[in-house]
Amino acid sequence: MARKPSTETRMTLYRLIGLPSYDAAIRAKYQQSGDDEYNNSEEVVYVAETEAYLYWSTVDHDQAKWTDTVKGLTQKELRVGNSTASAVLIIPYVDETESVSETKSGNDNDSAKAGKKVTSFSAWAITFGMGFQMLEPKYVDSRFGLRVAIRCAKLDGLNVLSKTTLDERPEMVRSTIPSGARLRSFGFEELGDFSTRLVTDAYIEGIGHSKKPIKVRGADSLNIPLSKSPENLLINLGQIKAVLDRKPVSSELASLEHFSLVKNKSMKNKLDQLLIEAIGEKSDLVALSYPYENIDDFGQVGSFKIFGTGDRRHYDYLPTLNNILKPLLEVDEKERLRRLQKMYIILFKSPDDSDVSSSKIPLKKWLTFQKTINNKRYFLQNNRWYVMDSDYITTLQRQVKKIFDRGPYFDDLPNWPIYEIPEDGNAQKKANAELNYNKQLSRRLGGLCLDQQLIRPEDHGSGIEACDVLLPHGVFVHVKNVSSSAPASHLLAQALVSTEMLRTNEKAQKLLEEKIKEIAPGGVDLQKYETKPRRVVIVIAKDDKPITADTLFTFTKINLVRHEQQLASMNVELNIAPVVRKKQPM
């Protein structure tokens, strides 16, 4: 018996917003032009009774560029060409325009000019072949597909989750569970993880079989089975829009949506300028962030090119942070912003540009940056500025305060005196200052100073500090002067690494035991010093006034809560002990 033809096929859907006109959705090079390389066409069409716009393009190569390599290796001259086909179907929202106006009173607005009314449009874009390359990225509704996915997902049917950990050094992770699982199985942490892509079984009324889930792939785009019938396709699009208007299917999945897009143009301009300043200062807050949702969609990567600087070179594999920042640092600050806005990267499957592996990816999509303004945390991700929602900020602050409210564990910790040591170099001065304070602290608390006393387990060749001050009964004290978020986060990470190592590694415990015997003064009862941490005390010093739960750096707040959870899972208690650094009279 012949199989009944399917009435649906999988399509890739984008949501376009803020369009000044519908043809603005398509990059200029894919519209009518005199470029012989691109055979571009466009036409007004109808999907059922809805006026729509179809753009299509082919790029023909008489000779594939890789044939030169084949000839060099084999002396065989191949006459092989190729053709790339692309198409985009733009379907306007029926009766949906966004009219925004700005008066001369100074009211901020993204797209209007004083006293004028500006209309912007929204539309669906369905891409075919390499059609994703034809879309103008700035009008693509970021994370549209992911927002749909979390509103229709089967709770235990999640298959793939891509996330970025918000940290001083962002970590990009893609987790896959083919059989399906709940969000908690992917190790997603509500505080500090930002989701970029979700693949899940899902139910959307009217799409697919009513009793069987469909597979939804959500990132900036939505990959989903849609009807081949024009009338039913429009119904499907309405059903998807209805999903967007709902709340996430659970509070668990709602945690994937803690962040909102910054839409105010003046704020985005301000954030761009802060990013440029941070790049010029070579700040650690500027870091690399791979746009995995782009890379995963389009397959293998062998090389890349950076466009917008005149540099024609191919670079191997994926960009590094240095690759991206170098052309920006070559120009002055004013030119730097202009260059950042026009530069983009294209990935290729091979070491040359014969096989495109990605769309045109804006350079800013490869960067992540975070800045606190008026107690709000703004961050750059995937070429979009986001702000953490108030619930996230409230939850984070509540948990940080709970940790601080436990108290410092010690009474009357000494202040950290600042002495000038003219004969020392800066690095040595800082090292001596911390060492001297730790020696003072160990005497005050009746412990051993382990600052700069490394142990070297086999899998930590460079060595680790067990702690700065070791006290009886398994109390490990870690100390740092924190003038910015970077050393504060480093201190927490250092404490966590040390604790994990000493809780689980017998070799590390043995090495610490030997170090204690080596440095302990005569007559000290060595039996009271344990090599497995039971309590970790973080002594954080700041000039002139102590750090509090409110003034702690936002990055560090996220890390503090996460590390506290990990320490608690090892039955290790955590305390925060703020102290003040003050200059001492000579």
Side-chain angles (χ1 to χ4, degrees), residues 17-18 108-111 137-138 140-144 146-147 163-172 189-196 220 254-291 293 321 324-325 328 333 336-337 340-341 362-400 484-486 488-489 549-562:
I17 56 176
D108 250 353
N109 204 287
D110 280 357
S111 54
K138 65 182 177 181
V140 172
D141 183 7
S142 179
R143 305 212 312 161
F144 148 70
L146 185 123
R147 296 202 308 276
K163 67 176 184 177
T164 297
T165 297
L166 302 180
D167 204 340
E168 293 291 340
R169 296 176 181 270
E171 177 185 16
M172 285 70 72
E189 298 189 26
E190 185 174 354
L191 292 172
D193 282 350
F194 175 76
S195 57
T196 58
D220 284 350
S255 66
L256 299 180
E257 206 176 33
H258 271 314
F259 311 107
S260 59
L261 186 66
V262 177
K263 296 182 179 180
N264 184 277
K265 188 174 182 179
S266 62
M267 177 55 76
K268 289 191 289 186
N269 290 340
K270 179 178 180 178
L271 292 168
D272 282 343
Q273 186 57 43
L274 290 170
L275 170 62
I276 289 300
E277 292 172 5
I279 289 173
E281 296 165 359
K282 299 182 180 179
S283 168
D284 290 339
L285 297 179
V286 181
L288 183 67
S289 180
Y290 287 131
E293 67 276 15
L321 184 61
I324 291 171
L325 297 186
L328 297 174
E333 186 172 299
R336 195 172 293 153
L337 179 58
L340 176 64
Q341 290 171 338
L363 195 74
K364 274 175 66 178
K365 203 159 189 175
W366 295 87
L367 292 175
T368 183
F369 174 66
Q370 303 189 49
K371 187 72 176 180
T372 299
I373 302 174
N374 297 329
N375 294 320
K376 292 184 179 180
R377 170 58 73 176
Y378 294 87
F379 66 95
L380 175 69
Q381 186 71 32
N382 286 331
N383 198 21
R384 295 287 194 274
W385 286 106
Y386 294 90
V387 59
M388 294 181 181
D389 67 30
S390 57
D391 288 342
Y392 182 99
I393 298 292
T394 301
T395 300
L396 179 64
Q397 187 59 37
R398 182 170 58 247
Q399 296 194 42
V400 170
S484 68
S485 63
S489 295
D550 292 325
T551 62
L552 190 68
F553 310 107
T554 304
F555 270 144
T556 312
K557 288 180 182 180
I558 293 172
N559 286 330
L560 175 61
V561 173
R562 295 174 61 152

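Just so we're clear, the structure is a prediction, and the values are computed from it rather than from any experiment. The first residue of the sequence shown is numbered 1, and numbering continues consecutively from there.
- The ring-ring contact (aromatic ring centres under 6.0 Å, His included) check on F144 picks up W124, with sequence neighbours excluded.
- The shortest heavy-atom contact between S195 and L146 is OG-CD2, 3.7 Å.
- By the side-chain hydrogen bond (donor to acceptor under 3.5 Å, both in side chains) test, E333 pairs with Q273, sequence neighbours left out.
- Not counting sequence neighbours, the partners of R147 by the salt bridge (Lys or Arg N to Asp or Glu O under 4.0 Å) test are D141.
- Between L325 and L367 the shortest side-chain heavy-atom distance falls below 4.5 Å.
- The shortest distance between side-chain heavy atoms of W385 and K364 falls below 4.5 Å.
- With rounding to the nearest 0.5 Å, the separation of CG in L274 from CD in E277 is 5.5 Å.
- Counting heavy atoms from C-beta outward, Q341 and D272 have side chains that approach closer than 4.5 Å.
- Side-chain contact between D220 and R143: present, with at least one pair of heavy atoms (C-beta onward) separated by less than 4.5 Å.
- In this structure, the side chains of L275 and V286 come closer than 4.5 Å at one or more pairs of heavy atoms.
- Across every non-hydrogen atom of L328 and R336, the tightest pair is O-NE, 2.9 Å.
- You'll find the side chain of L380 stays beyond 4.5 Å of the side chain of L271, heavy atoms only.
- A distance of 4.5 Å separates CD1 of I276 from CD1 of I279, quoted to the nearest 0.5 Å.
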